[in-house]
Every structure is written in C-alpha cells, then in structure tokens.
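Worksheet: the structure to be examined is printed underneath.
Note that the coordinates shown come from a computational prediction; the quantities given were computed from them, not determined experimentally. Below, chains carry the letters A, B, ... as their sequence lines are ordered, and counting in each starts from 1.
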Amino acid sequence: MDIASVIGLVLAVGGILGSIMSGGAISIFIDVPSILVVFLGLVGVTLYRWPMEVIKGLVSIAMKSFFFTAVDPKEKINKIKELAELARRESVFALEKAEIDDPFMKKAMTLAADNRPPEVIASILQMDIDSMESRHKTGSDVFGGVAADGPAMGMIGTLIGLVQMLQNLSDPSAIGPAMAVALLTTFYGAIIANVFANPVKNKIEYRSQMELMSMSIVIAGTLGIVAGENPRMIIEKLNSFLPPSERSSDDDGGGEE
Amino acid sequence: MDIASVIGLVLAVGGILGSIMSGGAISIFIDVPSILVVFLGLVGVTLYRWPMEVIKGLVSIAMKSFFFTAVDPKEKINKIKELAELARRESVFALEKAEIDDPFMKKAMTLAADNRPPEVIASILQMDIDSMESRHKTGSDVFGGVAADGPAMGMIGTLIGLVQMLQNLSDPSAIGPAMAVALLTTFYGAIIANVFANPVKNKIEYRSQMELMSMSIVIAGTLGIVAGENPRMIIEKLNSFLPPSERSSDDDGGGEE
Amino acid sequence: MDIASVIGLVLAVGGILGSIMSGGAISIFIDVPSILVVFLGLVGVTLYRWPMEVIKGLVSIAMKSFFFTAVDPKEKINKIKELAELARRESVFALEKAEIDDPFMKKAMTLAADNRPPEVIASILQMDIDSMESRHKTGSDVFGGVAADGPAMGMIGTLIGLVQMLQNLSDPSAIGPAMAVALLTTFYGAIIANVFANPVKNKIEYRSQMELMSMSIVIAGTLGIVAGENPRMIIEKLNSFLPPSERSSDDDGGGEE
Amino acid sequence: MDIASVIGLVLAVGGILGSIMSGGAISIFIDVPSILVVFLGLVGVTLYRWPMEVIKGLVSIAMKSFFFTAVDPKEKINKIKELAELARRESVFALEKAEIDDPFMKKAMTLAADNRPPEVIASILQMDIDSMESRHKTGSDVFGGVAADGPAMGMIGTLIGLVQMLQNLSDPSAIGPAMAVALLTTFYGAIIANVFANPVKNKIEYRSQMELMSMSIVIAGTLGIVAGENPRMIIEKLNSFLPPSERSSDDDGGGEE
Amino acid sequence: MDIASVIGLVLAVGGILGSIMSGGAISIFIDVPSILVVFLGLVGVTLYRWPMEVIKGLVSIAMKSFFFTAVDPKEKINKIKELAELARRESVFALEKAEIDDPFMKKAMTLAADNRPPEVIASILQMDIDSMESRHKTGSDVFGGVAADGPAMGMIGTLIGLVQMLQNLSDPSAIGPAMAVALLTTFYGAIIANVFANPVKNKIEYRSQMELMSMSIVIAGTLGIVAGENPRMIIEKLNSFLPPSERSSDDDGGGEE
C-alpha cells in the first residue's frame, strides 16, 4: 500500500474537518434528506449507467488502486537479464522451467520456450496489454462518471432546496438555515468528486500506465531473447524505459562490448 | 434486461422524489409553462439537430441499450472452439452447415467455408465492425446532444422567468415563488441530462465496446480457423480478451501442447 | 429538405415564445442596446475570426445543411451493382458512356474507364474526400465559433448592464428592470448558441459523415469493378455499410454463389 | 490585409462601445487598480508561461495573422502546371533556373532539379511542413493561454474587489459602486479573451491550415513532375484540393486525354 | 534560468498585490482556517492522487521547468555538422572518441561508432524519446491536477463558509465579513491554479516539446551520418527544424553542391 495515499487522505479529510470545526459544530453539515438525494441519486445513476458485471468489479478495482504498490521496473529488467543469460547459457527451452513470479512474464517466457515465431509472441502478448488497458479504462470511466454525477446530484439537491425555500419566504429567520441546507448537497457532491472519485480515477490511470510500461519491458525483453540477442544489448535497450538517473551504470557507454 | 439498470433508475428517481417530498408538496415542482419551454424546446432542438432517419431509430436505440444483456465473451470463445474442432475434424467446408445463432459469426463462418482469402474475410468483417461503431456513435451523439441541450433549455427558461420577475417587483411576496418557478426549468434540465440522457449515452457506448470485443473475438477466431491453426492455440489467443481471472483453466501454461 | 428540421425549429421557437407569452408581454424581451452588443459583437467577432473567403461561403453552407436531403446509400449501392454488371457484360470501357448523375461517381467511373491503376484511382478519389471533409470542417468550426461567441457576447453585455445598474442604485424601483435588461443579452446569447448555431454545426457534421459514407461506397465499388470482381461479391461488401436490417436480402447467406 | 478583419474588429468594438455609451458615461468602465490586476497579471502570467524566445516572436505572429492575405491555391496550381510543362518540354534540370517567388516551391523545384529521389524530396519537404505547423501551434497556444488567463485574472480581480467590499459594508451607498468596480475586472477579462485572444488564435490556426494545403499542393505537384507525369494528370490530381465549383474546367471529364 | 519567468512572476504577483493594497490592508486576505482547508486539502489530494515515487520527483521537475534554459537547436545542428565532417574525414569509428557534452548525442554517436544497423539505432533512441515524453507527461499531469484541485478545494472552503454564515444570520453586521472570509478560499484556489500550477504545467510541456525537437535533430543527424550522407545534405535536412529566418545561409538554394 502506498503510504502517500494514506497521508494524503488523512490530510485532505483533516483539512476539511478542521476548517469545519474551527467555524462551529460539525452537526450543521449533516442533513438526512440532502444525504438521501446525493448518495441514493449517485448510487442509482451509477448502477443505471453501467451493467451489473462492471458494478461487481468496482470495489475490487478501487481497492487495488488504493493498495497498489508500484512494481519497480528495474526489478523486471534484472529478472529479464537473468533469463536472457539463462537462455544464452543453455537454450530458450530452459526458460520453460525458470521460476517466474509475474504471470505475464511467465506466459511470455513459455511462449518463447515453445519456439513460437516472434510476431506470434508479440501479437499474443499485445492482446493481453490491450485487454488490461480496456479493463482499466472501464474502471477509470466509472470513477470519472462518479466525479461528474456527484456534483450533478449535488446541484439537483440544491435546486430542490432553493425552490422549496423560495416558495415559502414567510418566516425570514428560516431563510438562512434553509439556504445553508440547500447548499449542503453541492458540498457533498464537491467532496465526492474531488476528494474521492477524481483521485481514485487518477490512481487507476497511473497504475494502468505503470502496468503498460512493465508489460512493454517484458515484451521487448522476450523478443530480444527469442532473437538471440546479447543479454547486455537487451538490457541496454530496456534501460531506455527508465529515467536517465536510474539506469544501471554498466549501460553507460553501452558500446564497449 | 440488466437488473442494475432497474435498481439504479428506481434509486435515482426515488432519492430525488424522497428529497422533494421530505420538504413539502411535490406540486410546487410542477409548472406547465416551464415544462413547455424545456420539453418542447428540447424535442425541437433535437429534431432540428438530426435528420429524420436518425430520429426514427432513436427510441429503438434507447430501448436496446436499456434491455441490453451483455453477451458473455466466454460463450463466444467456446462456440469458436467447437467450430475450430469441427473444421479440424472435417474441413472448413463443414462450417457452412454448422448451426450458429449469432448472425455475425454465421457470416464469418460462411466466408470461411467459401474459402475466401483471409485478407478478404478480415476486410469484409471489419467493415461490419466499422458500420456498427458508426451507428452506435450516432446514437451516443444524439443522447450527448440531449444531455447538452436539456440544461441549455433549462437555462433559457430560467432567464425568461428571471427577466419577467425582475420587470415586475411591485409585489414583494410574489418574488420568492416567481424565482422558484424560474429555477424549475434549470431543475428539469439537470434531471434530463444527468438522470436520463447521460446514463443512456454511457450504456450505448459501453454496449458498443462490448460488441466490438465480441466481434473482434469472432474475427480473430475465424482467421485462426482459416489458417488451420490448432484449436487449443486459437483459444489460447482468444483468452487474452478475457480478464485473467476468467480465462479457461486449460489455457494456463498454454505451452504444454 | 428534411421535414424534421422544420418541425424542430417550429417546436423550439414555439416553446420559447409560448413560455414568454404565458408570463407577460413579449416586448420586455426586446431591448435595442442589448441587441446592439450581442448581434454587432457576434457579427464583428465572426468577421474578425475568419478570412473573407470563408465568410462568403457561410450562408450557402448553412442553407445546404438545412435543405440537405440525405442520399440513400442503398440507391448508390444499386447504381454500382448496375455499373458492375455493365462492366462485366461489356468491359470497363463501357463505364465511360454510362449515365451517372452523381459527379463523384461519374469521376470514379471515368477513372476506371481510363484504365488507371487502382492505387491511382483510390488516391485521387481519397483527395476528393479529404477536400470535402476539410471544407465541412471549416463550416462546422465557424458555427462552433458562433456557438461560443454568442454566449460570450451575452455575458459581456450583461456585465455592462450590471456595472451601469450598480453605479446608479439611487432609484430602487429601477433596479429590477435594469437587471432584467442586463440579463437579456445572456438570454440572446443562449438562444443564438443553443437554438441556432449548435444544431447547424451538428447538421454540417452529420452531413459530412453521410457524404463520407456515400463516397466510401463509391470508392469501394469502383475498386471492386476495376479488380473485375463478381458484382454479387461487390454488393456483398458494400452491404456492410448499411445497418443489418436494411441489407438487400439476396446478400443473406452470401456464400451460396 | 483581410478586409473582413478590419470590419469585424470595428463592429465588435463599436457594438460594445455603443452599448456602453447608450447607458451612461464610458468613464465608469475605467478603473486603474482593476486595469492593474488584469493587465499586469495577464502580461506576467504570459511571460511566466513561455520562455523568452517565444515571447519575442509573439507580436510578429499576431501581426502576420492580422495582415495575412490567403494565397489562392489556384495560383499555386497554375504555377505548377507551368513548371510541369517546362519540365516536359526541356527537362527537370530546367526547373533550377525557373523564376519562382514562393521560397518553398523554389526549394521543392531545386530538389527536383537536383535529381534527388522522390522519397528524399518528400521527406525533406514534409519536415518543412512539420516545422511550420509546430511554430504555428506554439503561436496558437500562446493566444489560447491568453484567452484562458484573461478571464482567470478577471475573476481574481473580482474576488479581491468583493472581499474588500464585504469587509466594509458600513456605508450602504458605497456597496453598489464597489460591486460595479469589482465586476470590471471580469469585464476586462471577457473582452480580452473573446474580442482579442480567441479570434487571433483562430486566425493563426486557419492560416496554418491554408499554408498546409498550399505546401501539400507543392509537394504533390513536385512529386508528379519528378515522376514524369503528364501535366494534365498532375493538374487533375491537384484540382482535388479545390472545392468542386472552383476546379478548372478542362479537368471535367478528366479522362478524354 | 529564463529571465522572462522572473519578470513574469514579479509582474503577476505584483499586479495582484498592488490591486489588493490599493483597496485596503492586505491582512483581510489572510485567514488561517481558509488556508488550512485549501492548502492541506490540496496537498492531501495531490498525495492521494499520485504514488510516492511521483511525489518525490515533483519539486525537481518544478525547479527544472523554472530554471530551464532552452537549448539552441542551431548549436545542436552545428555540433552534428562537425561530427558528420569528422566521420567523413576519418570514419564513423572516430565518433567514439569525439567530445560530446549532451549525453543523448553521446549515446547516439556511440551507437553509430558501434556500427549498429540504422533501424536498431533509431529504435533505441526512439525509446529514449518515448521515455522522456512519458516522464514529462506525468509531471505535466501532476500540475494539471493541482490546477484542477486548487479551485475545487477553494469551492469546498467557500461552501463551508457559506453554510456556517447562513446558519447564523442573527448578527447582520457579521454577514459581510463572514462572506468575505468564505470567498477567500476561492481566491486562494484561483491564485494557485492560474498563477502557479498552470504556468508550470505549460513550461513543462513546452520544455518537453523542445527536448523532443532537439532529440529528433540528433536522431536525424545520426542516421544521416550512419548512411554516409554528405555533411551539407545532412545540415540541409536538419535546417528544416528551424524557422526559415534562422536557417544557416549556406543552405539557401541547397542544390548547388
């Protein structure tokens, strides 16, 4: 789990609660009918927007994005270096029995050990990437929908409150509190969109990018192994995926071989 | 029909009605001239935006997206496995007489049985995909137009109401109700956009993606059959369309063959 | 002319006028300085945004999009079937003398009769498509500009009105009417954008799509004829451009030939 | 210089000034601190957004887009026809000495006269197009930034004015004028964005498109000349860049040759 | 460091401060709970949006974009000319020992000296470009997130302030100052987005474009050297990256060679 997420959530919620409590009781920010319209409305519209099979996977996607620890691409590159050396020393068939934790890398190496032609390996693995990206895209779209529907439901709630208040202006002392309550739904909608839905959407998209990079490293590495390239040359290529400062030093001046 | 849609619609409308009724009579949210400007205006602009042939297909598109039950891609893959085995056992010509419910898969197999070259099969089927996507794109654009025009007509209605109210401030007790009525059109517009048009647009787009995936499975499978590939290898490829957790188990370690 | 456009415009304008008149005299919605700022400003900015040659073609583009009757793609397909049969019976040279109304199809068939290589035919016709799309894109951009500038000019007008009103609050009874007048420019801007400019933009874009489809049918058909394909096979391919329900019946099970 | 630009600017500014003066003195729309925050802020943010070398070229880009007179693509086509006939009559080497005003066409013809292979000519000229597009893209982005920052600075100014007014409500008669002044920055921001920055951005983009078309005509023509194509056939191809109504008549029925 | 950035930041902040101070004490624009909600909330949401490894690199990215001095592409071209002449005079192997400051050009020349095939050189260097673009894209996305979250947190703070004020209208003289304080968070959010986050985002994107151009020049030059092209012809090609006015004069009429 990423420690930044926890600190971030605590800071954001803490800042908002602190600001609320420094100005009065927190109870004036809780109103049941307002919660009704925003939360029921939002859950309803989300259920209505997406088929059941997407909804089911939602909690798991949100959790994964929260507890997601980025895979270090350097580790992937080191593992591929090891496998490339194994394939050189013995043969590509040895990759079959190599111990590999990452199921995608396992699949890639099994395809290599099967002696499949490179285009076939690339196209099968690319389909895995496309499928991963499309699943993440749906997850990100769901939270994007929540980030749009939350404020929309908030605005609908505020309009309901304003219409009711304006139809009944006989008691001037009730106008202020009525407007305050009307604004609460807008407040809930803004919190849902900006403190929850948008950051989760962002995390899913970033995670998708990271997995894409990690899978691209595996594909490039596997194709290098299948082509019988020198392990050093493979690593030199894969190093381009890393920021210059993190590239393994024995690649600098990669031309000495 | 997708059960999530029904629950969702009931929750969203229920939440809004509940919030309205907890604060007073529902009658103050009904105003005939406001309905006139938003609904007539919206229907008018929509008719004006699109030619007749698009309008005609509208209700059917909306209904389909509502009652749409997602085709399970696993079923498609199993059917293709069956057909691939049939083609192996007998010949591609046997595909002609195979019983196939899905008209697109039927067309693909007929093309395969006709012994057409793979590029021709791929390009004919791809044109079907393009045509399906373009039809769905129009449907999604229509509802996107409604989601934009609804609030716009609501704002026009509110401006009309405000101008009329401001021109006639002689009776202070009428100001509140007049503003309430002016806000109703904005309220109607927000409901139309967020509770109806946007979710339907979303459903059409998701359905289009699902059909695209399903048709892509059929094309990839047909090309595999035509190329005389091993049924297991075809299924292994098609499994990439599924999320890892749903892939059929006999594909794991697909290299044992 | 598309009947939906007329009905739509009548309904939209009617709904707005009905709503205005149900609440008072229509005269309070007419204010000369407001019209001055919105209309002169909008015309000015539009003239300033685009060079003269674009402005000149504007009215014609708007008219065409309004009076545009969609070409039935089925008719195009039938005409191509006829020409394909002619080319089969006699030779491609016979296409030269065939009677063809559509100038683009005429050009395509003349190129075919000239015995030009297929790549040359495709690239010349594709340039016609690109040029048509770019002209329509400019038309759509102009109306998109109007849809953005209308409300912007409306907001500028409203700001002018508000500043003038706020500088002179000495007569309380004048505040309401002054604000009403200030809001009129926003109202004009909203009408211009949502009732005129956006639907016209939409119509131009849809028309462009329809012409693209129609021209793509002609290109695909011409290339089929030049390649000496069987007329039935050509039609089978072109049918993919149509929605499944409209495909000509003799294509169903297109493999019997 | 495009006459539409002048008329347009006069109309837009005139409409706004007319509307202001019909309602009172123009002096109430001038406030020094408001000008300070919007203009200094906008200049500051723009300087901060872009490096010095972009800022330097700014005035020249804005001027060029204003005084830009569109090159008539027909002229380019006629010039190319002339050059194609020259190359036919004599040889491509004669192109070296041909008198050509347009430096890009000059460069293209020099490359042709140098007998460079067509791919080399195309790739060198394409790099010129990419470089022209990227320069125009930066110009358009700068004005897009101004169009976004103007209203943003206006809103910051209005917030400053509102906060100051609300902190000091002791003199009721000062509230109106204070709010009027607060709104002025929003007004300035809206004028900057909608009357200046957006139209200039639009002009730059349109000019870029026109230059792209003009340069594409030169490339297509040069490649035709290098390939030794018939001048009539070259013109027939280039005519596709023009709207159908402007194509030179001897192209109609381009198959008679 | 770019002098325009310093002048720009001073002008923007100075303009805002000047406007504030011309209207009263600056102290009314400072409120601790408002700062709490906007700054803590913004830091929190940003931490929550991005994983730790991105956050860590943030300050460095912001600093780099601020102190970034654009590399003059002309210098790169001159250096490549020098190297191309060296390779001509001696051989590509001489490039190994050439003194090159830019690590990317060094890498390119080492690859050239290693006698790698051009496709391999191009694909390895292209991966470096992709990796650089993806890192800059993340940096730009982070500041884009700040530019969106700042105003969102500002709006949440303003809603909190408004709700608290409306619940407690008993003291009329407190309403104004309470609203003023409520507006402060919106003000802070607008400053953060428009004076800090957006310009930094813009600088990162522009810098990314400049590096892309610079790296593209190196790739094109290296491929030219590897292909054994004439140095003058290489420079002629690379000159297309420069605006016409800056091209080195010996390229005009590049065909004299």
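Judged by distance alone, the side chains of C:Gln164 and C:Asn168 never bring a donor and an acceptor atom under 3.5 Å apart. Side-chain atoms of B:Thr158 and B:Thr185 form a donor-acceptor pair, as typed in the model, at a separation below 3.5 Å.
For chain B, the option among C:Val10, C:Leu11, C:Asn202 with the highest count of heavy-atom pairs below 4.5 Å is C:Asn202. With chain B as the partner, the residue from C:Val13, C:Leu17, C:Val181, C:Leu183 showing the most heavy-atom pairs under 4.5 Å is C:Leu183. Between chain B and the options C:Ala182, C:Ala180, C:Ser22, the largest number of non-hydrogen pairs under 4.5 Å is found for C:Ala180.
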CA sep, side-chain torsions, deciding dist, call: C:Glu133, C:Lys137, salt bridge (Lys or Arg N to Asp or Glu O under 4.0 Å): CA-CA 6 Å; C:Glu133 283 193 310; C:Lys137 174 82 174 41; over 6 Å; no

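If you measure heavy-atom distances from B:Met165 to chain C, you find no contacts under 4.5 Å at all. No part of C:Glu205 comes within reach of chain B, as not one of its non-hydrogen atoms sits under 4.5 angstrom from that chain. Interface remark: B:Leu111 contributes side-chain atoms only to the contact with chain C (heavy atom separation under 4.5 Å). Proximity to chain B involves both the backbone and the side chain of C:Ile191, based on heavy atoms less than 4.5 angstrom apart. Both the backbone and the side chain of C:Thr186 come within contact range of chain B, with heavy atoms under 4.5 Å apart.
Relative orientation of the C:Phe29 and C:Phe187 rings is tilted, given thresholds of 30° and 60° on the angle between their planes.
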